[in-house]
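One structure below.
In this chain, residues are counted from 1 in sequence order.
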Amino acid sequence: QVQLVESGGGLVQAGGSLRLSCVTSGRTFSNSAMGWFRQAPGKEREFVAAINWSGSDTTYARFVKGRFTISRDNAQNTVNLQMNALKPEDTAVYYCAGAREPYYSNTDRLSYYWGQGTQVTVSS
């Protein structure tokens, strides 16, 4: 059974930082692109960041570029999202996603597998 399990969410003040982690199991993701999405209350789920199978290439949504960093450790089956300079508008449930191919091409192909999500709340 394929599982993506997120952790690291919580409550933080504006300007603070959080580090989200996603641990995968049940399938080898070391040769797959991985990513993060988020969904705020009353809004659609949106793309946040993606990383290719080796970690050599990353893609970010414009609203997080320069503040968030996606990384991965294939030996630990982990994908991380370091979030700095958090804003109240970053409040959302953050989801880990996994593709079945090594490179990020579009959000549909990136999100073949989903985690259950972790809540991030940023207070003003």
Side-chain angles (χ1 to χ4, degrees):
Q1 181 182 0
V2 176
Q3 285 191 310
L4 284 69
V5 180
E6 302 95 335
S7 63
L11 174 64
V12 64
Q13 288 188 331
S17 299
L18 282 174
R19 183 177 177 86
L20 305 184
S21 292
C22 171
V23 178
T24 64
S25 62
R27 179 187 183 274
T28 299
F29 281 93
S30 58
N31 55 357
S32 298
M34 300 290 294
W36 290 91
F37 291 74
R38 70 185 188 185
Q39 187 168 18
K43 295 187 177 181
E44 293 188 352
R45 193 173 298 189
E46 61 183 355
F47 169 78
V48 175
I51 189 167
N52 73 339
W53 70 277
S54 67
S56 63
D57 187 48
T58 56
T59 304
Y60 295 94
R62 281 179 295 178
F63 53 78
V64 302
K65 194 170 289 187
R67 299 189 297 126
F68 292 9
T69 302
I70 189 171
S71 62
R72 66 189 300 163
D73 183 343
N74 287 337
Q76 299 294 324
N77 298 318
T78 302
V79 178
N80 302 304
L81 185 68
Q82 177 67 43
M83 306 187 295
N84 298 328
L86 283 161
K87 305 174 183 180
E89 51 263 43
D90 293 320
T91 294
V93 178
Y94 282 72
Y95 296 90
C96 179
R100 294 194 297 175
E101 50 202 40
Y103 297 98
Y104 168 66
S105 56
N106 60 63
T107 55
D108 286 341
R109 299 180 77 89
L110 179 66
S111 55
Y112 190 83
Y113 299 98
W114 286 109
Q116 293 299 306
T118 185
Q119 176 70 47
V120 171
T121 303
V122 184
S123 63
S124 57

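The closest side-chain heavy-atom distance from R27 to Y113 is below 4.5 Å. Here the side chains of D90 and F68 are in contact, with some heavy-atom distance below 4.5 Å. With contacts defined as side-chain heavy-atom distances shorter than 4.5 Å, the pair R38/V120 does not qualify. Inter-residue side-chain proximity for T91 and Q119 is flagged as met; some heavy-atom pair is nearer than 4.5 Å. Between S21 and N80 the shortest side-chain heavy-atom distance falls below 4.5 Å. Proximity of R67 to M83: side-chain heavy atoms (C-beta onward) are nowhere separated by under 4.5 Å.
A ring pair (Phe, Tyr, Trp, His ring centres under 6.0 Å) with F47 is found for exactly one of Y104, W36, Y60, namely Y104.
Note on L11 and L20: separate hydrophobic clusters, where clusters join Ile, Leu, Val, Met, Phe, Trp and Tyr whose side-chain heavy atoms are under 4.5 Å apart, directly or indirectly. Side-chain heavy atoms closer than 4.5 Å link hydrophobic residues (I, L, V, M, F, W, Y) into clusters, and following such links, possibly through other members, connects Y94 to V12. Placement of L110 and V64 in two distinct hydrophobic clusters is found when ILVMFWY residues are connected by side-chain heavy-atom separations under 4.5 Å, directly or transitively. Under the 4.5 Å side-chain heavy-atom criterion for Ile, Leu, Val, Met, Phe, Trp and Tyr, V2 and V5 are members of distinct hydrophobic clusters. Each of F37 and L81 belongs to its own hydrophobic cluster when Ile, Leu, Val, Met, Phe, Trp and Tyr are linked at side-chain heavy-atom distances under 4.5 angstrom.
Pairing each heavy atom of P88 with each of S124, the nearest pair is CG-CB, 3.8 Å. When all heavy atoms of C22 and L4 are compared, the pair lying nearest together is SG-CB, 3.9 Å.
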Trace of the side-chain contact (heavy atoms from CB on, under 4.5 Å) decision for Y95 with Q39: CA-CA 8 Å; Y95 296 90; Q39 187 168 18; 4.1 Å; yes

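The backbone N or O of S54 lies less than 3.5 Å from no partner atom in the side chain of S56, so there is not a single donor-acceptor pair. Side-chain atoms of E6 never come within 3.5 Å of backbone atoms of T118 as a donor-acceptor pair (strictly under, hydrogens ignored).
Once rounded to the nearest 0.5 Å, the distance linking CZ of R19 with OG of S7 reads 10.5 Å. Put simply, CD1 on I51 and CG on D57 are 8.5 Å apart, with the number rounded to the nearest 0.5 Å. Note: M34 CE to S71 OG = 11.5 Å, rounded to the nearest 0.5 Å. The distance from atom OG of S105 to atom CG of N52, rounded to the nearest 0.5 Å, is 12.0 Å.
Remark: T28 pairs with no residue by the side chain to side chain donor-acceptor pair (under 3.5 Å) rule, at least two apart or across chains. With sequence neighbours excluded, no residue forms a side chain to side chain donor-acceptor pair (under 3.5 Å) with Q3. Every salt bridge (Lys or Arg N to Asp or Glu O under 4.0 Å) that E101 has, sequence neighbours left out, goes to R109.
When only modelled atom types and interatomic distance are considered, R45 and S111 share no side-chain donor-acceptor pair under 3.5 Å. Side-chain atoms of N84 and Q82 include a donor-acceptor pair closer than 3.5 Å.
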